[in-house]
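Accompanying notes for the structure given below.
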Amino acid sequence: IVSPNVNTSEIAVTNSKDTITLPLQIIKGFGDSAAQKLIDERNKNGKFKDFFDFVARARNAGLGESSINLLVEANALQEFDNMQTLIDSMSSAIRYANMVTIIKDGEKIVDTSIINKPSLIKQERNISTEIFNEKKAFGFQLNAFKTVYAEREFKIKYYFSCRKDI
């Protein structure tokens, strides 16, 4: 089972040979209208290339900051970076989206050639934040196996970094 993803999820659950991809509307507070706007934008202009491209195009498609935050906190943008990095980079992404959205021939468009993209504010992965936010977004912990593995790996590294006799 694959969690909702802005580049692969559809309006309904999709099945392929070995995966089931959940729809975006499984995220609490992210409805059919928002999901359709996002999927229409992706179908019209291609997959989202990175976090800044996503925020600019999602805003232009009519999604508000709260809807984008729901997607970040549900880990639907995890292919772009870890949740904490995206949360901390949100204000830069919104400013960038506002600067690259212009009106051309009476239509609002995104023109990323106007300015360079800012850099992500890199943060370490915060597993406890991911667990909390995913549970809030879905009502259950969706990425439990990946998270438990990463948490165990962190504990092992932390244990060895604290030992003075090694």
Side-chain angles (χ1 to χ4, degrees), residues 1-126 129-130 133-134 136-138 141-143 145-147 150:
I1 297 178
V2 178
S3 61
N5 179 294
V6 296
N7 274 328
T8 59
S9 288
E10 298 293 337
I11 290 296
V13 172
T14 55
N15 299 318
S16 67
K17 183 179 176 183
D18 57 351
T19 60
I20 297 171
T21 303
L22 298 175
L24 295 167
Q25 306 92 296
I26 197 171
I27 301 166
K28 290 181 182 180
F30 197 82
D32 293 342
S33 175
Q36 191 62 61
K37 287 176 185 177
L38 195 61
I39 291 167
D40 288 347
E41 169 60 28
R42 185 184 70 210
N43 289 341
K44 180 180 175 186
N45 295 306
K47 288 188 172 190
F48 301 102
K49 298 175 190 93
D50 56 46
F51 182 59
F52 296 104
D53 177 61
F54 169 78
V55 173
R57 290 172 51 197
R59 298 265 300 174
N60 192 50
L63 269 68
E65 189 173 346
S66 61
S67 293
I68 295 169
N69 276 322
L70 285 173
L71 293 168
V72 170
E73 292 178 356
N75 241 347
L77 288 93
Q78 63 185 311
E79 69 188 79
F80 302 134
D81 216 306
N82 71 63
M83 185 187 297
Q84 193 62 53
T85 292
L86 300 182
I87 289 169
D88 290 355
S89 300
M90 182 63 76
S91 60
S92 296
I94 296 294
R95 279 193 305 276
Y96 173 77
N98 291 337
M99 288 188 266
V100 298
T101 303
I102 61 169
I103 297 177
K104 183 177 181 180
D105 299 327
E107 183 182 353
K108 269 177 52 174
I109 64 164
V110 173
D111 183 355
T112 57
S113 68
I114 296 172
I115 60 168
N116 292 330
K117 289 179 187 170
S119 297
L120 289 171
I121 301 168
K122 294 294 231 175
Q123 300 294 333
E124 285 194 34
R125 183 176 183 212
N126 186 327
T129 298
E130 287 185 21
N133 285 337
E134 283 184 357
K136 184 173 75 173
F138 303 117
Q141 188 179 331
L142 186 59
N143 290 308
F145 297 112
K146 289 186 258 183
T147 304

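Residue Asn43 qualifies as enclosed at atom CG: its count of foreign heavy atoms under 6.0 Å is above 12.
Taking all atoms of both residues into account, the shortest heavy-atom contact from Ala58 to Ile68 is CB-CD1, 4.1 Å. Nearest heavy-atom pair, Lys37 versus Gly62, reported as atom, atom and distance to 0.1 Å: NZ-O, 3.8 Å. Taking every heavy atom of both residues into account, Glu41 and Ala61 meet most closely at CB-CB, 4.0 Å. Nearest heavy-atom pair, Leu24 versus Ser9, reported as atom, atom and distance to 0.1 Å: CG-CB, 3.8 Å. Nearest approach of Ile26 to Pro4, heavy atoms of both residues: CG2-CG, 3.4 Å. Smallest separation of non-hydrogen atoms from Asp81 and Leu86: O-CD1, 3.8 Å.
By the 4.5 Å heavy-atom criterion applied to side chains, Tyr96 and Val55 are not counted as neighbours. In this structure, the side chains of Arg59 and Glu65 come closer than 4.5 Å at one or more pairs of heavy atoms. Counting heavy atoms from C-beta on, the side chains of Glu107 and Asp105 never come closer than 4.5 Å. You'll find the side chain of Asn75 stays beyond 4.5 Å of the side chain of Asn133, heavy atoms only. You'll find the side chain of Ile114 stays beyond 4.5 Å of the side chain of Met99, heavy atoms only. Within the 4.5 Å cutoff, side-chain heavy atoms of Gln78 are placed close to those of Ser3. Between Asn45 and Val110, the closest side-chain pair of non-hydrogen atoms is not below 4.5 Å. Looking at heavy atoms from C-beta onward, Val72 lies out of side-chain contact with Phe54 at the 4.5 angstrom threshold.
The distance from the CG atom of Asn60 to the CD1 atom of Ile109 is 8.5 Å, given to the nearest 0.5 Å. Once rounded to the nearest 0.5 Å, the distance linking CD1 of Ile27 with CG of Leu70 reads 7.0 Å. A distance of 10.5 Å separates OG1 of Thr129 from CD of Gln123, quoted to the nearest 0.5 Å. A distance of 10.5 Å separates NZ in Lys28 from CZ in Phe138, rounded to the nearest 0.5 Å. Atom-to-atom distance recorded for Phe52:CZ and Ser119:OG is 7.0 Å, nearest 0.5 angstrom. Here the CE-CG distance, from Met83 to Leu77, works out to 10.0 Å after rounding to the nearest 0.5 Å.
Here the side chain of Gln36 pairs no donor or acceptor atom with the backbone of Ile11 at under 3.5 angstrom. In this structure, the side chain of Asn82 does not engage the main chain of Asn126 through any donor-acceptor pair within 3.5 Å.
Checked against the 6.0 Å centroid criterion, the rings of Phe80 and Phe51 do not qualify as a close aromatic pair.
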Is there a side chain to side chain contact (heavy atoms under 4.5 Å, CB included) between Lys117 and Val100 once you walk through the steps?
CA-CA 10 Å; Lys117 289 179 187 170; Val100 298; over 6 Å; no
Derivation of the side chain to side chain contact (heavy atoms under 4.5 Å, CB included) call for Lys44 and Asp40
CA-CA 6 Å; Lys44 180 180 175 186; Asp40 288 347; over 6 Å; no
Intermediate values then yes/no, side chain to side chain contact (heavy atoms under 4.5 Å, CB included), Asn5 and Thr21:
CA-CA 8 Å; Asn5 179 294; Thr21 303; 5.5 Å; no
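Partner of Asn7 under the side-chain hydrogen bond (donor to acceptor under 3.5 Å, both in side chains) criterion, out of Arg42, Glu79, Lys47: Glu79 alone.
Scored by the side-chain hydrogen bond (donor to acceptor under 3.5 Å, both in side chains) test, Thr19 finds Ser16 as partners (sequence neighbours excluded). Evaluation of the salt bridge (charged side-chain N to carboxylate O under 4.0 Å, His left out) rule for Lys104 yields no partner, not counting sequence neighbours. Residues passing the side-chain hydrogen bond (donor to acceptor under 3.5 Å, both in side chains) test with Asp53, sequence neighbours excluded: Arg57.
Looking at Gln84 and Asp88, their side chains do bring a donor and an acceptor atom within 3.5 Å of each other. Counting only N and O atoms by type, the side chains of Glu73 and Asn69 include no donor and acceptor under 3.5 Å apart.
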